[in-house]
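Numbers here are sequence positions counted from 1. Computation of the quantities below employed the complete heavy-atom set of this structure, encompassing side-chain atoms and omitting hydrogens, waters and symmetry-equivalent molecules.
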Amino acid sequence: GGLMKLTMTLLVKERTSSGTDRFGNESFTYSEPISVPGCLFAPFQPKDLEVSRPEGVEVTATAYFPRGWAERLRRAQVSPDGKRWFNVVGAPVDFPEQMIPKGWKWSCLVPLGVVDG
């Protein structure tokens, strides 16, 4: 199929909590980038996608990940090229098998916003 040619390897930096700082705010660190092959990346947001997002967060891209990545992508950062990083917006979820067309390998749709700075 033609769609398979569109897949690309995306880089993911998983966010892990490292406790709280002296002010009681959660502090966190990002992992080294992990390569995830076979993803799709679209530099826009589907119009019909209603994403619950924090006030003022602009969704500028959408990534599609293989099954099993939803949990790990929460609060992570994603990059198509290792230069521009996007914040994962909200909490990605895996679609149930029966909602996905046969042969469609991506069960996880991930809205992305630009990282400030």
- When you look at CZ of Arg75, are more than 12 heavy atoms from neighbouring residues, nucleotides or ligands closer to it than 6.0 Å? no
- Note on the structure: In this structure, OG of Ser107 is separated from CG of Asp94 (nearest 0.5 Å) by 3.5 Å
- Task: Determine the minimum heavy-atom distance between Pro66 and Gly38, stating which atoms define it.
- Result: CG-O, 4.3 Å
- Could you grab the distance from atom CG of Leu11 to atom OG of Ser79, nearest 0.5 Å is fine? 5.5 Å
- Taking side chain as C-beta onward, heavy atoms only, is Val110 less than 4.5 Å from Trp69? no
- Glu26, CD atom: more than 12 neighbouring heavy atoms under 6.0 Å: yes
- Query: What do you reckon, is CZ of Arg84 surrounded by more than 12 foreign heavy atoms closer than 6.0 Å?
  - Reply: no
- Message: Let's go through Lys13 and Val78 carefully: what are the C-alpha distance in whole Å and the side-chain angles of both, what is the deciding distance for side chain to side chain contact (heavy atoms under 4.5 Å, CB included) to 0.1 Å, and is it a yes or a no?
- Response: CA-CA 7 Å; Lys13 288 196 283 197; Val78 174; over 6 Å; no
- Message: Salt bridge or not between Arg74 and Glu14? Use side-chain N to carboxylate O under 4.0 Å.
- Response: no
- Kindly give the heavy-atom pair with the smallest separation between Ser35 and Thr9, and that separation in Å. CB-CG2, 3.7 Å
- Salt-bridge test for Lys102 and Glu97: reply yes if a basic N is under 4.0 Å from a carboxylate O, no otherwise. no
- Query: Looking at CG of Leu10 and CZ of Phe65, how far apart are the two atoms once the value is rounded to the nearest 0.5 Å?
  - Reply: 4.5 Å
- Test item: Gln77 and Leu112 side chains (from C-beta on) under 4.5 Å apart, heavy atoms: no
- Task: State whether a side-chain donor-acceptor pair under 3.5 Å links Asp21 with Ser27.
- Result: no
- Message: Run Thr7 and Lys105 through side chain to side chain contact (heavy atoms under 4.5 Å, CB included) and show every step you take.
- Response: CA-CA 10 Å; Thr7 63; Lys105 295 178 167 51; over 6 Å; no
- Task: Heavy atoms only: give me the nearest Tyr64-Trp106 pair and the separation to one decimal.
- Result: O-CD1, 3.4 Å
- Query: To the nearest 0.5 Å, how far apart are CG in Leu109 and CG in Leu73?
  - Reply: 11.0 Å
- Message: With a 4.5 Å cut-off on side-chain heavy-atom distances among I, L, V, M, F, W and Y, is there a chain of contacts connecting Tyr30 to Trp85?
- Response: no
- Separation between OG1 of Thr16 and CZ of Phe28, rounded to the nearest 0.5 Å: 10.0 Å
- Ring centroid separation for Phe86 and Phe41, is it under 6.0 angstrom? yes
- Considering all heavy atoms, the nearest Ile34-Arg72 contact: CD1-NH2, 3.9 Å
- Message: Quick one, Cys108 and Arg67 - any side-chain contact, counting heavy atoms below 4.5 Å?
- Response: no
